[in-house]
Chemist: 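I'd like to ask you about the structure that follows.
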Amino acid sequence: MLRVSNLQHANAVIKPLSKHTHTLLSLRDITKRYPSVVANDSINLDVHNGSIHAVLGENGAGKSTLMKLVYGMVEADSGTMHWDGELVQLKNSAAARKLGIGMVFQHFSLFETLSVVENISLTMPGSRTELAEKIKTIGERYQLVVNPNASVHALSVGERQRVEIIRCLMQDLKLLILDEPTSVLPPQHIQSLFDALRKLRDSGVAILFISHKLDEIRDLCDTATILRDGRVAGTVNPKETTTKELATLMIGREVPHIQSQRDTVQAANTVLRLNKLSAKNPDPFGTSLSDIDLHVKQHEIVGIAGVSGNGQQELSRIISGEWRPKTLSPDAIEMFGQRVSNMDPTQRRNLGFSFVPEERLGRGAVPPMSLNRNALLTAFSQGILNRGFIRKKKLSDFTDRCIADFDVRCGGNNAIASSLSGGNLQKYIIGRELMLKPNLLFVAQPTWGVDIGAATAIRQRLLDLRDQGIGVLIISEEIEELFEVTDRLYVINGGKLSPSLVTADVTPNDVGEYMIATHSTDSAQPEAHAHGV
Amino acid sequence: MVFKLVKREHASQWMLLVTPLLAVLLSIVVSSLLLVILGKPVLLTMHSFFIAPFENFYSITEVFLKFGPLLLIAQALAVGFRAKVWNIGAEGQMIIGAICASAVPVYFVDSTSGWMLPAMALLGAIGGMAWAGIAAFLKTRFNANEILVTLMLSAIALQLLYYLLLGPWKDPMGFNFPQTVMFQDEALFAPLFSGVRLNTSIFIPIAFTIAVWLLMEKHFAGFKLEVGGQAPDAATYAGFSAKKAVWVSLLLAGFAAGIAGMSEVAGPIGQLQRSVTSGYGYAGIIVAYLGALHPIGIVFAAFFLAVLQIGGDVALVSADLPISAVQVFQGLLLIFYLSVYTLVNYRLQPARTEKTASQGVSS
């Protein structure tokens, strides 16, 4: 459906390895509107073959929409797309793949119960033996080693990502789009991903690398296009630009700093203790927790690091009381010196425990309900009920105070929770939980999907709380965040917890070691699954 | 061309109010078409349906007689539906309520005690709640689907009714008809006016409506039920028990349906017989939805369906309609309501099959 002009073809043959030989993809004045927002506004973007091109921006800046446009999943309202100099209109992603465009999403599309080669054979022609052979060849050439016969559920996140990349490489790939590929990886695996990407680039493939992590972009990418509020804020060479300059381009102003005045603290009480906590997950693909020892004292922020899917979900539900396995020993969880294993979330809250879950919509808040009604969810014990009847005035006072004190940008206390941006809803939920005046605050993924401004405000608030003497526990997949705010760290890996680490004494690489330590990850698995070959 | 439904970002509030009216209008149009095809007089039929019920005092009281049980059952069902507990077996719960209530006059044929009626109400309520409680138990203990369980329990209740009426409870002087003895006056609600069937039991659904309105709009317990329905994970997070929501929803419906069954045998029917429910258990589902699951909306919806049923009776005679005409109209009403509701909240968009294919595989 697309003819490459002779001239360009000749070019490609003569200098396949040199960089910036020609413009592979060229977008002009691309605009895409959604009912409530202009996601992309007159975007211009040129991608050259043999280069790694970063698309940088905050949440909601329009990165994902733009990539979906390139991959044919979304149609632009106006603007043109040229591929190899020819005007193209992509009706769907199959047409994009035909041109040689591949995309790896943040959420992988692999069947867990099938093997690698079975997964790939779902979309590729050829016998399984041929495909397995091809997977091995590609793996060796680009250092993307993965055992074709391994079951996907047994693979680490990094390996699954390789399978996705290999799947793109199985066809004649010219442009690879990666959506936040490092957000799921431990530090050690990030470097090996980058090595593979550099090899790919040197073979002439263009790569669009979406990220909001500035250091990575400076390390890896040849060009960076920064998006802000749906527009191009600038195109720069990241190697010649400082992190600060990039950040300023990204958020449109200087990045605020967080501060803490930490006093030396004596005689702090333990507010949370887990004693050899073990719990078997009824879900066969879920993670079971084993032998977890953890404690949190007043005046400290304790972090739990780890690659997602290593038991964070289970641990947070068991601490919050949402999951109460019958087999849990009575002294497995202690809060403020009391055994709470059998207490439900309300009882734990009444002791002085507050919890901000990672999913805001649907768990931390009821999406179609107003902020007023959402306040009732956990704040019902704050004098809002009179024999079970809701006191409207008290409730709206509570909500108004939360909105004002925590700078929640919204349309008032009757605004529907789902109408708030991620950052504002997170501020609202954290605010609501803090207004319960907890002595132990537990926050899962405090700044997930939150823009830099709100994230800084949230981290500052956590530090202030610690300085006031509250014990804070956070689970985060962002190592940088943990190093910024925590005093001590644990690493969760395969449902087990590392020993306690003092944050000031370790490096991100040390933490990374724990993240992947006992995992049967990188090398191909010896106990190959014989079936399916 | 394949279409898919995309949720609207802003479903307008007033459209939700217009939805039931539009559904009524569409049902009238389509049933008029059916009438034309059948060769029946359209205007006369519409007159019988919507005007005749108000033409004399007796018809008006008959409308309210139907209004009572519809209101009672629909209010209780709506509470469950808002908590996403799909009890569609109010019919069976009503039958068991009627059976349990009837046990009193059946076994104390000659009693003239003033406690007859309260005892019947109590037994009726307990019977309905016990029947619904079976579904609640199976749901909370074994995660058995309450739609299937309540539906099948209705079939069992019906067979139990038939067995009693053909066997142990059959009126020995009743010429072998499958019905019990006529109940004594002490086992019946007093008529509101002389010469009409409408009786004092009408106050029960009205009081129940106020109670449900307080529960759902003003009380924390109603809030908990609603959170459980709209965001189960948020309910778990807050510490609201999902099991409790199932129990409360089903027991409330069992209570209401049981009382409704009792009001029928202690009211217009005056004995236990096969057609004791008049289909109120199923019609209650339509009423609940037509009233947008809101206590006040349901009052209007119940009234409308009561008019429709009386009007249907009139139309049977005056316009020579088949007996199923009312059921067809009710069915149209529900279908149109659900379609209009869906289109108000979602918009139709041509599906791009390739796109779904590329995204179809997910881990």
Side-chain angles (χ1 to χ4, degrees), chain A residues 34-36 68 71-75 91-97 103 105 107-112 119 122-123 152-153 160 317 320-323 343-349 355 357 359 361-369 373-374 376-378 380 384-385 387-390 392 417-419, chain B residues 2 6-13 16 82-84 143 210-211 213-245 248 292-293 345-347 349-363:
Chain A
Y34 286 111
S36 54
K68 284 179 182 167
Y71 194 51
M73 288 174 63
V74 173
E75 268 179 290
K91 283 264 168 281
N92 49 49
S93 47
R97 284 194 296 272
M103 181 156 178
F105 293 89
H107 300 284
F108 304 145
S109 31
L110 297 170
F111 284 108
E112 302 229 339
N119 263 291
L122 290 173
T123 49
V152 167
H153 70 80
R160 289 177 202 205
R317 280 173 197 271
S320 72
E322 290 163 273
W323 182 34
M343 289 190 184
D344 67 29
T346 312
Q347 291 167 314
R348 295 183 199 197
R349 206 174 288 125
F355 172 49
E359 299 103 338
L361 284 173
R363 190 160 158 218
V366 186
M369 284 189 179
R373 299 218 108 197
N374 268 299
L376 265 184
L377 211 52
T378 56
F380 57 85
I384 289 168
L385 298 182
R387 297 179 186 191
F389 284 96
I390 300 158
K392 244 184 157 169
S418 57
S419 73
Chain B
V2 184
V6 182
K7 190 144 175 70
R8 289 184 199 271
E9 297 197 6
H10 303 287
S12 62
Q13 286 295 308
L16 289 176
R82 278 167 82 161
K84 299 247 156 65
N143 201 22
I210 296 170
W213 180 77
L214 283 174
L215 171 75
M216 294 313 285
E217 304 299 314
K218 301 281 166 196
H219 201 275
F220 188 53
F223 171 77
K224 286 199 215 174
L225 283 173
E226 199 154 8
V227 172
Q230 295 196 338
D233 281 349
T236 317
Y237 160 71
F240 307 157
S241 159
K243 288 185 177 178
K244 213 188 247 172
V248 169
L293 304 183
N345 284 287
Y346 297 82
R347 70 196 151 78
Q349 174 174 299
R352 299 172 61 198
T353 40
E354 281 294 342
K355 175 170 139 189
T356 39
S358 73
Q359 282 284 284
V361 190
S362 74
S363 58

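From a predicted model like this one, the values you see are computed outputs, not experimental measurements. Chain identifiers are assigned alphabetically (A, B, ...) following the order of the sequence lines, protein sequences preceding nucleic acid strands; residue numbering begins at 1 within each chain.
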Chemist: With a 4.5 Å cut-off on side-chain heavy atoms, are B:Phe223 and A:Leu377 touching?
Modeler: yes

Chemist: Please classify the contact between A:Leu385 and chain B as side chain, backbone, both or neither, with a heavy-atom cut-off of under 4.5 Å.
Modeler: side chain

Chemist: Please verify the inter-ring angle class for A:Phe389 with B:His219; under 30° counts as parallel, over 60° as perpendicular, anything in between as tilted.
Modeler: perpendicular

Chemist: So which of B:Pro232, B:Ala235, B:Ala234, B:Gly239 has the biggest tally of heavy-atom pairs under 4.5 Å with chain A?
Modeler: B:Ala234

Chemist: Taking only residues two or more places apart in sequence or in another chain, which ones pass salt bridge (charged side-chain N to carboxylate O under 4.0 Å, His left out) with A:Arg363?
Modeler: A:Glu322, A:Glu359

Chemist: Apply salt bridge (charged side-chain N to carboxylate O under 4.0 Å, His left out) to A:Arg373 and list each qualifying residue two or more places apart in sequence or on a separate chain.
Modeler: B:Glu226

Chemist: To the nearest 0.5 Å, what is the distance between CZ (A:Arg349) and OH (B:Tyr237)?
Modeler: 6.0 Å

Chemist: Find the one option among A:Ser418, A:Pro357, A:Ser320 whose heavy-atom pairs under 4.5 Å with chain B are most numerous.
Modeler: A:Pro357

Chemist: Taking all heavy atoms of B:Ala231 and all of A:Val366, pick out the closest pair and write down the distance.
Modeler: CB-CG1, 3.9 Å

